[in-house]
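Read through the structure below, which is laid out as C-alpha cells, and then see the notes.
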Amino acid sequence: MPIINIDNIPYEVKEGKNLLEACLSLGLNLPYFCWHPALGSVGACRQCAVKIFKDEQDTRGKLMMACMEPVRDGMRLSVNDSEAVAFRGHVIGWLMTNHPHDCAVCDEGGSCHLQDMTVMTGHAYRDYHFSKRTYRNQHLGPFINHEMNRCIQCYRCVRFYKDFAGGKDLDVFAAHNHVYFGRQQDGTLENEFSGNLVEVCPTGVFTDKTLKQHYTRKWDLTTAPSVCQGCGLGCNIIAGERYGSLRQITNRYNGAVNGYFLCDRGRYGYEFVNSKDRIREPLVVHGPNDKANGLPVLQHVRNRMKPGKTIGIGSPRASVESNYVLKELVGENNFYLGIGEIEHELVQLMLKLLKEGPVRSASMQEAAAADAVVILGEDLTNTAPMMALSVRQAVRRMPVENVISNIHMPAWQDAAVREAVQEDKGPLFILNVVETKLDEVATGAYHTAPDNIARIAFAVTHLLDGTLPEVTGMSDEGKQAAATIAAALRGAKRPLVIAGYGGGSEQVIRAAANLAWALKQQGADAMLSFTVPECNSMGLEMLGGLRLESAVDAVLNGSAETVLVLENDLYRRLDQHTANQFFGHCKEVIVLDHLHNPTTEKANIVLPAGTFAEADGTLVNNEGRAQRFLQVLNPQGAVQESWRWLLQLGDICGHTHLRSLLHYDDLLKAIAARYPVFAGIDTITPPADFRIAGQKIPREPHRYSGRTAMQANINVSEPKPAEDTDTALSFTMEGYRGEPPSSVIPFFWAPGWNSVQSVNKYQVETGGPLHGGNPGKRLLEPNVNGQTKFYTNIPDPFIPVGGHLLLVPLYHIFGSEELSVHTPGIAQRMPAPYIMLHSEDARRFQVAAGHLLYFMDNGHQYALPVVINDTLQKGAAGIPVGLPHMQVAEAPQLVKI
C-alpha cells in the first residue's frame, strides 16, 4: 500500500483513492463540496485545495485539488500550508458571495455542510456587502422544498439526479453568471429517488417538505436506528421524533445494503405513524351476555379464546418476534402465515432456492458490482426501487471498467470517465410482461407473458449448458432473445439474475434459479436476487406456518372459532367475498394493529400495536439478512409492541414458557434456540445491559436543547426521562458521547461535522463499511457442497384464449404498499384504479381508453376503466395491486371478459 506524507507525517493509504478520500479516511478535516463518495470527483468547487511538493527539497510546492489527485507512493503534501489555507478561505468567500444570511430560518441551519465547511475554513465574516443575486423558486411536488438562492453551484444535485438515478426532469440552466438548478417549469419531480437531493445538497437548496410541515431543528430530534417498512429490501433508516410524533426519516448508511440513498416511498411514507386513523386505546365490543365491563382488556381476550378452537394469523409486516410469540401462544398447528396463496408459494420457493441452491443471494451493493444483469418478470422500480438503483450502477460499471483499464483513468474521475464512456452500457436484459423504467438503459427489453419469460430463460440456460433440456416451439423472437442473452452472459464474471414476486409466476422463479446455477457451473461468480413483497416476508416464511386458505377452511367448518390477527388486513390477502364469508363465520375476532382498516372493523377486540417507530423488532430482508429496528418514541395511550401484548396474554393464559420471557433479550434467545435458521439473531445489536464506560447510548445528541424542552408543549417542568429496559439506548442526551457499535448508531455527528456528511467519521474508509462492520446478520448462505438439481419442467407457451384475458399484477411504488398510502404526498402520487390492455385486445372487446371493462372471477363481476399500453403482452390484462379500495381478483389468473 502507498505511503504518503501529510504535513511531514507518514500515512499508509489504500491504492486507487484520491487525496481527498485518503485524507477523510485518515480522519483529517479537509473541506469539500462537489465531491461525494458515491458520485466521484469533478473538481467543480475548488474547496479541497492542498499543497503538493515534488520531494523533501521542494519548499514551494503547488496548489492542487485533493479530489482530483490520485495517491502515489512517496507523495508529499500539506493540508495546513498557509497558502492552501488562504486559498480555501478565498474559495469559500467566493461561494458565499451570493449566499443569503438566512441560517437562522433555513431548515438546514445547525446541520448544514456549508456551515461546517465555512467554519472549518475560518470564514467568519462576509467581505461582500452589496446586493445579492436572487432567483424564483419552483414548486417541486409534495416531497421537496426549493430555495435556489442558497445554491453554491456544486452540481451535486444534477449529478445524482441525472447521472446516478436516471432522472430526466431536473437539470442545470445557465446564462453568464446565473446558474439555475431546477425543472424546465414548475412540477413534481418525477424520479423515485428525488428525496435524496435533500441529503446530497450541501446547503439548503433542497429541503424536506414533510419535515417543514412539523419542523424542528435536527439536533432536537430524538433518533434511533431503524429499518424501512416500505418493501422487502431492508434499507437502513434513521427515524427522528419530537413531542411524540415522527418528524423525519433519513438515510442510515449501511455499506452492504442501501449505502447512502433511499427511495421516496421509504423516505416519505412514514406519516402512517402520525395518522388520525391510529389505534391508541384497546377497543372491546361487548355482547349482550358480557357482564365483565370492569375487567382489563387482556382478561376479555382470554375469556374469548376457546381452548382448541383458537387460531393465530401472522403477518409479513410484523416483526419476527411478534410472529414467533403468536405462534407459541396458539400452538404450531394453529398458526397461519397470513399471506395469499400465490405469495406464499412464491416466497416459499425463493427461500428453498436460497437455502439449497449453490448461488449466493446478492446484497444491493453486490448487485451494483455485477457485470451483466438479467431481470425476469420484475418491474424493479416499483417493486424493489433501491435494487433498481443498484442495477443502474451495474449497467454503468462494465464500460467504466473497460475505460479505466484501457486509458488508465481512475474510476473516481467522474466527469472524465463519463466523457470517455459516452452512452456505452453494460449488458442488461429485461423480460417483463410490460415496459419498465429500466428499459431505457437495457441492452434488450422483451415484453411477453410470464410463461414465455420462463421459456426464454430456460432456453438461455440450455445454450449455456447443452446437457439441460432444449426448449421447443420457440418463436423466432424468443430464439433471438435467448441467443443474444446467452452470448452476453458467456463472458460475464459477476453475472446477476433477478426475479421475484412481481410477475406472480413460480415458473419464472425456477427459470431464474436454473440460469444462475448454470452460470455458476460455467465458472462465473454468479449471483441471484429475489424480490419479496413486504418488509418481513422472508422472516415469516422462515418461521413457518400453515396456509391462510386453511384458516378459512378451519373457520368455515367450525374447527376454529376465535381468530387472533396480527398486524394484517386480511382484505388485502383474500378477495372481499371470501374475507366477508370468513369473518361472518368467526365467533371472535381479536386484532392487533396500528391503523383502522377493513379487518379491524370486523373485530370484537382491537389491541393497539406499536409501529416500527414505537417498537423494537427484527426483520429479515430479501437476501436473508436479519436487521433490527429500535424504538424511537414512547407511544401515546396504551400502544405497545405486538409481541409484548402477546407475552402478557400468554402470562394470563398460563403459558409458562412465555411467562419466562421477562426481557426482550430473553425473547431473542428463545427464538434463536427454537429455530436454528435464526441462529445469531440475538447478536445483531448489543444486549440491553451493554454499556460503554458505564453509560448507555443516547438517542439525542448532546446539542439537544435540554430535557426541559422535551415536553415543553405540555409542561416546562423537567419530567422524568423514559426508561428503556429493552435496549442499550437511552431516551435522553445523557450517555456515551463517543462512537457506538455500528448496529445501534442513532445519529451521525462528529465535532465540526454537523450534517449527514459526518458519516465519513464512522467508516473504515470513505464509502466503505462502518467501524465494527455493517449492521445485520445474513441468515442464508448458499449450499456450495450440495448437488445442483436443475428444473426440467418447461412451461408451454402462452396462447391468448378467446373471450378471456390473463390477469397479471402491476405494482406502483406509490400506492401498492399498505402503510405508506396514509402519507398525503404518497396518496397524491398514486394512480386511480384501472385495467391495462393492449390496443388489439381493446378492439377485440370493443372498449376504448377510459371505458369500463367487465370481467368475471369465481362468479363475481368486476369493472375497471381501461388504460391502453401496447408494450403489454397481447391476451393479458394488467391489474394494479394494492391500491386502496380496489378489490379485484388475484393475479395471475385467466378470467372471462
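Position 1 is the first residue of the sequence, and the numbers go up from there.
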Go through it in stages, so that I can follow the logic: the residues are Glu241 and Gln248, the test is side-chain hydrogen bond (donor to acceptor under 3.5 Å, both in side chains), and I'd like the CA-CA distance, side-chain angles, deciding distance and then a yes or no.
CA-CA 7 Å; Glu241 75 89 24; Gln248 187 181 39; over 6 Å; no
Dump the intermediate steps for salt bridge (Lys or Arg N to Asp or Glu O under 4.0 Å) on Glu567 and Arg572, then the final yes or no.
CA-CA 12 Å; Glu567 299 182 32; Arg572 293 177 63 90; over 6 Å; no
Run the side chain to side chain contact (heavy atoms under 4.5 Å, CB included) test on Val297 and Glu281 for me, step by step, so that the C-alpha distance in whole Å, both residues' side-chain angles and the decisive distance to 0.1 Å come before the verdict.
CA-CA 10 Å; Val297 66; Glu281 299 292 339; over 6 Å; no
Starting from the C-alpha separation in whole Å, work towards a yes-or-no answer on salt bridge (Lys or Arg N to Asp or Glu O under 4.0 Å) for Asp220 and Arg247.
CA-CA 11 Å; Asp220 277 336; Arg247 303 294 181 95; over 6 Å; no
Side chain to side chain contact (heavy atoms under 4.5 Å, CB included) for Leu540 and Val620? Distances and angles first, verdict last.
CA-CA 8 Å; Leu540 178 65; Val620 183; over 6 Å; no
Let's go through Glu614 and Arg280 carefully: what are the C-alpha distance in whole Å and the side-chain angles of both, what is the deciding distance for salt bridge (Lys or Arg N to Asp or Glu O under 4.0 Å) to 0.1 Å, and is it a yes or a no?
CA-CA 12 Å; Glu614 300 151 328; Arg280 301 289 184 185; 3.7 Å; yes
Starting from the C-alpha separation in whole Å, work towards a yes-or-no answer on side-chain hydrogen bond (donor to acceptor under 3.5 Å, both in side chains) for Thr531 and Asn622.
CA-CA 6 Å; Thr531 64; Asn622 66 310; over 6 Å; no
For Leu329 and Leu646: C-alpha separation, side-chain torsions, deciding distance, then whether side chain to side chain contact (heavy atoms under 4.5 Å, CB included) applies.
CA-CA 7 Å; Leu329 178 66; Leu646 294 168; 3.9 Å; yes
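A side-chain donor-acceptor contact under 3.5 Å links Thr685 and Arg628. Using modelled atom types and a 3.5 Å distance limit, the side chains of Asp208 and Tyr268 yield no donor-acceptor pair. In this model, a donor atom of one side chain and an acceptor atom of the other lie less than 3.5 Å apart for Gln893 and Asp857. Residues Thr618 and Glu321 bring a donor and an acceptor atom of their side chains to less than 3.5 Å of each other. Using modelled atom types and a 3.5 Å distance limit, the side chains of Asn274 and Glu271 yield a donor-acceptor pair. Using a 3.5 Å distance cut-off with no hydrogens or angles, the side chains of Glu534 and Gln229 do not pair a donor with an acceptor. Residues Asp593 and Asn597 have side chains that bring a donor and an acceptor to within less than 3.5 angstrom of each other.
Pairing each heavy atom of Asp616 with each of Gln631, the nearest pair is OD1-N, 2.8 Å. Considering all non-hydrogen atoms of both residues, Ile826 and Gly269 come closest at CG1-CA, 4.1 Å.
Between the Asn323 side chain and the Ser319 main chain, a donor and an acceptor come within less than 3.5 Å of each other. Although no hydrogens or angles enter the test, the distance criterion places a donor-acceptor pair under 3.5 Å between the side chain of Lys327 and the main chain of Leu543. Looking at Asn568, its side chain does come within 3.5 Å of a backbone N or O of Gly338 through a donor-acceptor pair. Proximity of a side-chain donor or acceptor of Asn382 to a complementary backbone N or O of Ile813 within less than 3.5 Å is detected. Thr562 contributes a side-chain N or O that, together with a main-chain N or O of Arg304, makes up a donor-acceptor pair within less than 3.5 Å. When atom types are taken as modelled, the side chain of Arg252 and the backbone of Asn236 share no donor-acceptor pair closer than 3.5 angstrom.
How far OG of Ser820 is from CZ of Arg265: 5.5 Å, rounded to the nearest 0.5 Å. A distance of 9.0 Å separates CD in Glu541 from CD in Glu345, rounded to the nearest 0.5 Å. Taken from CD1 in Ile339 to CG in Leu346, the straight-line distance is 9.0 Å, to the nearest 0.5 Å. Leu566 contributes atom CG, which lies 5.5 Å from atom OG of Ser322 (distance to the nearest 0.5 angstrom). Taken from SG in Cys263 to CZ in Phe814, the straight-line distance is 7.0 Å, to the nearest 0.5 Å. Taken to the nearest 0.5 Å, the CD atom of Gln348 stands 13.5 Å off from the OG atom of Ser537.
The aromatic rings of His812 and Tyr834 sit perpendicular to each other, their planes meeting at more than 60°, with 30° as the lower class boundary.
Results of the side chain to side chain contact (heavy atoms under 4.5 Å, CB included) test with Leu649 over Leu607, Leu658, Leu564 single out Leu564 as the only residue that passes.
Aromatic ring centres of Tyr501 and Tyr811 lie closer together than 6.0 Å. Aromatic pair Phe583/His577: centroids not less than 6.0 angstrom apart. The aromatic ring centroids of Phe629 and Phe612 lie 6.0 Å or more from each other. Aromatic ring centres of Tyr324 and Trp643 lie farther apart than the 6.0 Å criterion allows.
The existence of a salt bridge linking Glu549 and Arg573 is excluded, since no basic side-chain nitrogen approaches an acidic carboxylate oxygen closer than 4.0 Å. The residues Arg302 and Asp651 are annotated as not salt-bridged, no charged nitrogen and carboxylate oxygen being separated by less than 4.0 angstrom.
Residues meeting the salt bridge (charged side-chain N to carboxylate O under 4.0 Å, His left out) test with Arg699, sequence neighbours left out: Asp724.
Within a 6.0 Å radius of CD in Glu341, other residues, nucleotides and ligands contribute more than 12 heavy atoms.
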